[in-house]
Trainee: 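Please read through the structure below; I'll follow up with questions.
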Amino acid sequence: MSVCHHVLFQPLVHFLRHVSFPPDPHLLPTALKSCPALPLVRALHAATVAAGIARDPFVSSSLLRTYLRFGATPDARAVLDGMPQKTVVGWSALVAAHAAHGDTEGAWRLLKEMRRGTAGGGGGVEPNAITWNGLVSGCNRSGRARDAVVALARMHGEGVLRPDATGVSCALSAIGDLGTEAVAVGEQLHGYTVKSGCRLGFVNGKDLEAVELFREMQAQGIEPNSVTIPCVLPAFANVAALMHGRSAHCFALRKGFLHDVYVCSALVDMYAKCGRVRNARRIFDAMPSRNVVSWNVMIGGYAMHGEAKTAVRLFDSMLMCKQKPDMVTFTCVLQACSQAGLTEEGRRYFKEMQHEHGIYPRIKHYACMVTLLGRAGKLDEAYDLITDMPFEPDGCIWGSLLGSCRVHGNVDLAEVAAEKLFHLEPDNAGNYVLLSNIYASKKMWGGVNRIREMMKDMGLKKEMGCSWIEIKNKVHTLLAGDDSHPMMTAITEKLKQLNIEMRRLGFAPSTYFVLHDVEEQEKDDILAVHSEKLAVALGLISTSPGTPLRVIKNLRICDDCHEAMKFISCFEGREISVRDTNRFHHFRDGKCSCGDYW
DNA sequence: ATAGGGTTAG
């Protein structure tokens with residue numbers, strides 16, 4: 001009970017400590033900052049009027065800010081009106097607040113007023129970039145995307161202010177929501193920024209385009225800032241554009257952004273996803289302060305690389321640093337355990353998260369546990385966990401089980417899981433392919449054919465395999481069965497040569513006859529090659545001997561390619577890293593860091 | 001002082 005009271009009264013106590021009557025103009029801003037309720041703000045306001053200090057610039061701007069914090073825009077306006085000299089800051093805050101409350105008209109009126117100057121308010125005040133950006137973002141936050149676009153266009157049309165990186169990023173989320181409509185809106189407007197905004201919004205989630213746009217933005221002389229950098233880093237991470245990521249890192253260093261926890265967390269994540277856990281760790285260690293996300297991305301980074309022991313050790317340091325873990329922390333820790341086969345540790349953490357940290361497992365945590373148990377061969381236990389858990393199992397749960405069945409070649413349970421998946425996600429081609437692969441691994445060709453017929457009947461096509469490899473600052477995209485890459489002839493030559501060597505050295509082609517291979521056998525042999533092989537072949541012929549290769553792919557790596565990568569790493573004396581949807585595989589001297597366990 | 005932001009399953 002006493003704790004409860006403490007919590008309730010603390011803001012009030014803090015507030016009262018800084019309050020005096022009559023109010024002291026020097027203490028008042030601090031008091032307002034911790035003021036817990038709107039009536040108290042009004043009372044203080046009245047007291048300042050009575051004490052004759054309401055027009056003090058320090059006091060009035062604090063009052064204005066505090067009123068806006070409580071959403072009391074009319075009161076804030078009244079304060080501004082009472083100010084002898086109105087600052088751009090006061091006006092900007094009010095403009096942003098009106099826009100954020102959905103009053104676009106009011107915001108525009110204020111903007112006009114501030115320029116013209118109000119009666120007795122002295123000369124006009126020109127809006128600055130922050131005023132405009134606040135307007136754009138306010139419109140966006142109140143769900144008025146069109147207004148945001150118009151605001152940005154007008155800012156640009158004014159010609160006085162160049163839209164900066166913030167203006168662009170403010171408009172991006174707004175425009176993203178407009179979807180295709182954004183294009184129509186954008187066509188009517190002029191100005192590069194708006195067009196680029198529309199483009200980014202339109203291509204929503206297309207990382208390569210985002211990378212390209214970021215470069216264009218810089219070419220236009222719009223400098224990235226400490227917000228646009230963490231915005232664009234995930235795009236670099238997703239396509240493993242390490243060089244772009246590095247240059248963003250250098251830029252952040254020069255601009256002194258490395259004190260920003262968002263910038264650093266995004267850098268840690270980018271380096272980890274680009275295969276450079278050591279670099280990620282160096283940034284992590286140098287961070288002046290960390291939040292729960294900083295720890296999560298670092299732990300998740302180790303998990304992704306199969307360095308479970310380090311991940312777990314870092315989790316312990318996290319607790320020692322008094323950083324409270326959250327749900328994401330435990331998905332990372334459990335994922336680390338399952339990928340390294342630390343079954344007992346995983347079980348322990350699953351219990352501890354509930355009993356020691358009070359974090360109730362969500363369905364994703366159960367999915368992690370299914371993977372953990374399933375991969376350790378305890379498939380029945382995994383199945384029991386599914387039936388006992390307090391959630392209705394979803395696609396993610398059955399997918400985990402199906403994935404585990406693949407590792408252990410358990411056809412019976414795979415059929416159970418697949419049946420559920422076909423019902424839950426009838427259009428997800430990956431599930432059909434996975435079951436077919438399991439049949440194929442057992443040479444159950446009847447099953448393979450049945451699945452193929454099913455897919456044909458439903459008009460389902462497997463997702464196009466796609467890999468990215470960065471060679472000399474350029475990210476190359478390679479698609480399975482697509483020969484449009486300009487170096488295709490040389491790639492084909494290299495693959496033929498590798499195939500010959502592979503047979504000669506006794507690396508038998510996989511006995512797994514996967515679905516897409518069967519389909520594509522009818523075509524030219526070389527076109528059936530998976531995208532990661534094409535990427536590696538391109539890497540081999542375009543870089544000097546010994547250069548490590550890093551490939552990212554959009555699907556899970558197949559057994560056949562996994563074997564081939566082991567061979568190539570050995571034969572060519574290269575380190576090859578492949579990040580699939582799941583994790584990194586580091587191939588070196590004919591072995592993979594996953595221990596053939598994925 | 002007023003704008004802008006990062007992490008999570010198979």
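Per chain, numbering begins at 1; letters A, B, ... match sequence-line order. Remember, predicted model here, so these are calculated numbers, not experimental data.
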Trainee: Using a cut-off of 4.0 Å on non-hydrogen atoms, how would the nucleic acid contact of A:R583 be classed: base, sugar-phosphate, or nothing?
Mentor: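 Answer is nothing: A:R583 stays at 4.0 Å or more from every strand.
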
Trainee: State whether A:R141 places a side-chain N or O below 4.0 Å from either non-bridging phosphate oxygen (OP1 or OP2) of B:dG4.
Mentor: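 Yes, within the criterion.
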
Trainee: Please classify the nucleic acid contact of A:V89 as base, sugar-phosphate, or nothing, using heavy-atom distances under 4.0 Å.
Mentor: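 The residue A:V89 makes base contact.
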
Trainee: Starting at CG of A:L402 and ending at C1' of B:dG10, how long is that distance when rounded to a whole Å?
Mentor: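 It works out to 8 Å between those atoms.
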
Trainee: Compare the minimum distances between each of B:dG4, B:dT2, B:dG10 and the side chain of A:S137, then state the nucleotide with the smallest one.
Mentor: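 For A:S137, the side-chain atoms sit closest to B:dG4.
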
Trainee: Any pair with a residue in residues 387-420 of chain A that passes ring pair (Phe, Tyr, Trp, His ring centres under 6.0 Å), sequence neighbours left out, goes on the list, sorted by first then second residue, please.
Mentor: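 Every ring pair (Phe, Tyr, Trp, His ring centres under 6.0 Å) pair that includes a residue of residues 387-420 of chain A, provided the two are not neighbours, is A:Y366-A:F391.
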
Trainee: Any side-chain N or O of A:K420 below 4.0 angstrom from OP1/OP2 of B:dG10?
Mentor: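 For B:dG10, neither OP1 nor OP2 has a side-chain N or O of A:K420 closer than 4.0 Å.
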
Trainee: What is the distance from CZ of A:F236 to P of B:dG6, rounded to the nearest Å?
Mentor: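 Distance, rounded to whole Å: 15 Å.
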
Trainee: Could you tell me whether A:L267 contacts a base, only the sugar-phosphate backbone, or nothing, with contacts defined as non-hydrogen atoms closer than 4.0 Å?
Mentor: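 No contact at all - A:L267 keeps every heavy atom at 4.0 Å or more from the nucleic acid.
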
Trainee: Of the nucleotides B:dA1, B:dA9, B:dT7, which one has an atom closest to the side chain of A:P234?
Mentor: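 Side chain of A:P234 sits closest to B:dT7.
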
Trainee: Where the side chain of A:K364 is defined as all heavy atoms beyond and including C-beta, which of B:dG6, B:dG10, B:dT8 is the nearest nucleotide?
Mentor: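 Output: B:dT8.
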
Trainee: Would you classify A:S400 as touching base, sugar-phosphate or nothing, given that sugar-phosphate means primed atoms plus P, OP1 and OP2, and contacts are heavy atoms under 4.0 Å?
Mentor: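 Here A:S400 touches the backbone only, sparing every base.
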
Trainee: Distance check needed: B:dG10 P versus A:R579 CZ, whole Å only.
Mentor: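 Going from CZ in A:R579 over to P in B:dG10 covers 13 Å.
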
Trainee: Let me know the distance between CE of A:M270 and C1' of B:dT7, rounded to the nearest Å.
Mentor: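 It is 15 Å, rounded to the nearest whole Å.
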
Trainee: Where along residues 379-396 of chain A does a heavy atom come under 4.0 Å from DNA chain B, residue by residue in number order?
Mentor: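 Residues of residues 379-396 of chain A that come under 4.0 Å of DNA chain B are, in numerical order, A:G395, A:C396.
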
Trainee: Which nucleotide sits closest to the side chain of A:R65: B:dG6, B:dG10, B:dT2?
Mentor: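 Closest of the options to the side chain of A:R65: B:dT2.
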
Trainee: Report yes if the side chains of A:L372 and A:T343 come closer than 4.5 Å at any heavy-atom pair, otherwise no.
Mentor: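 Heavy-atom side-chain distance check passes, below 4.5 Å.
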
Trainee: With a 4.0 Å cut-off on heavy atoms, is A:T329 in touch with a base, just the backbone sugar-phosphate, or nothing at all?
Mentor: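 Counting heavy atoms under 4.0 Å across all strands, no contact is made by A:T329.
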
Trainee: How is A:K273 classified with respect to the nucleic acid when contacts are heavy atoms under 4.0 Å: base, sugar-phosphate, or nothing?
Mentor: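 It contacts sugar-phosphate atoms only.
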
Trainee: Please determine, for the side chain of A:S61, which listed nucleotide (B:dT7, B:dA1, B:dT2) has the closest atom?
Mentor: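 My answer, after comparing the listed nucleotides, is B:dA1.
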
Trainee: Quick one: ring pair (Phe, Tyr, Trp, His ring centres under 6.0 Å) pairs with a partner in residues 58-80 of chain A, sequence neighbours left out?
Mentor: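 Output for this query lists A:H45-A:Y67.
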
Trainee: Would you mind telling me which of B:dA9, B:dG6, B:dT2 lies closest to the side-chain atoms of A:P230?
Mentor: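 That would be B:dG6.
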
Trainee: When you measure from the side chain of A:N225, which nucleotide among B:dG10, B:dA3, B:dG4 comes out closest?
Mentor: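 Output: B:dG4.
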
Trainee: Specify the closest pair of heavy atoms between A:S404 and A:V370, including all atoms of both residues, with the distance to one decimal.
Mentor: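 What the structure gives for the nearest pair is OG-O, 4.0 Å.
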
Trainee: Given A:Y271, which partner from the list A:R246, A:H249, A:R276 fulfils the side-chain hydrogen bond (donor to acceptor under 3.5 Å, both in side chains) test?
Mentor: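 Between A:Y271 and the candidates, side-chain hydrogen bond (donor to acceptor under 3.5 Å, both in side chains) is satisfied uniquely by A:H249.
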
Trainee: Tell whether A:E425 reaches the base of B:dG10 with its side chain through a donor-acceptor pair below 3.5 angstrom.
Mentor: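 Answer yes: a donor N or O sits under 3.5 Å from an acceptor.
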
Trainee: Do you know the tightest heavy-atom contact between A:C139 and A:A148?
Mentor: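 So the minimum-distance heavy-atom pair works out to CB-N, 3.6 Å.
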
Trainee: Nearest to the A:R362 side chain among B:dA1, B:dT8, B:dG4, which nucleotide is it?
Mentor: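 Given the options B:dA1, B:dT8, B:dG4, the side chain of A:R362 is closest to B:dT8.
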
Trainee: Round to a whole Å and report the spacing from CZ of A:R77 to P of B:dT2.
Mentor: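 Atom CZ in A:R77 sits about 19 Å away from atom P in B:dT2.
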
Trainee: Locate the shortest heavy-atom distance separating A:R69 from A:K33; write the atom from each residue and the value.
Mentor: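 What the structure gives for the nearest pair is NH2-O, 3.3 Å.
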
Trainee: So what does A:D326 hit on the nucleic acid, given a heavy-atom distance under 4.0 Å: a base, only sugar-phosphate, or nothing?
Mentor: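 Counting heavy atoms under 4.0 Å across all strands, no contact is made by A:D326.
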
Trainee: Return the nearest nucleotide to the side chain of A:N431; candidates are B:dT8, B:dA1, B:dG10.
Mentor: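 Between B:dT8, B:dA1, B:dG10, the one nearest the side chain of A:N431 would be B:dG10.
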
Trainee: Pairing donors with acceptors under 3.5 angstrom, does anything connect the side chains of A:N140 and A:S137?
Mentor: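 Short answer, no.
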
Trainee: Just to confirm, is there a sub-4.0 Å distance from OP1 or OP2 of B:dG4 to any side-chain nitrogen or oxygen of A:N133?
Mentor: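 So the side chain of A:N133 is outside the cut-off, no N or O lying under 4.0 Å from OP1 or OP2 of B:dG4.
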
Trainee: Taking the side chain as every heavy atom from C-beta outward, state whether A:H365 and A:M353 have any pair of such atoms under 4.5 Å apart.
Mentor: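 The answer is yes, as the side chains (C-beta and beyond) meet within the 4.5 Å cut-off.
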
Trainee: Between atom CG in A:D269 and atom C1' in B:dG5, what is the gap in whole Å?
Mentor: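 So the CG-C1' distance, A:D269 to B:dG5, works out to 14 Å.
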
Trainee: Rounded to the Å, how far apart are A:K255 NZ and B:dG4 P?
Mentor: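 Going from NZ in A:K255 over to P in B:dG4 covers 20 Å.
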
Trainee: In whole angstrom, give the distance that lies between atom OH of A:Y67 and atom P of B:dA1.
Mentor: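 Atom-to-atom, A:Y67 to B:dA1, this comes out as 22 Å.
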
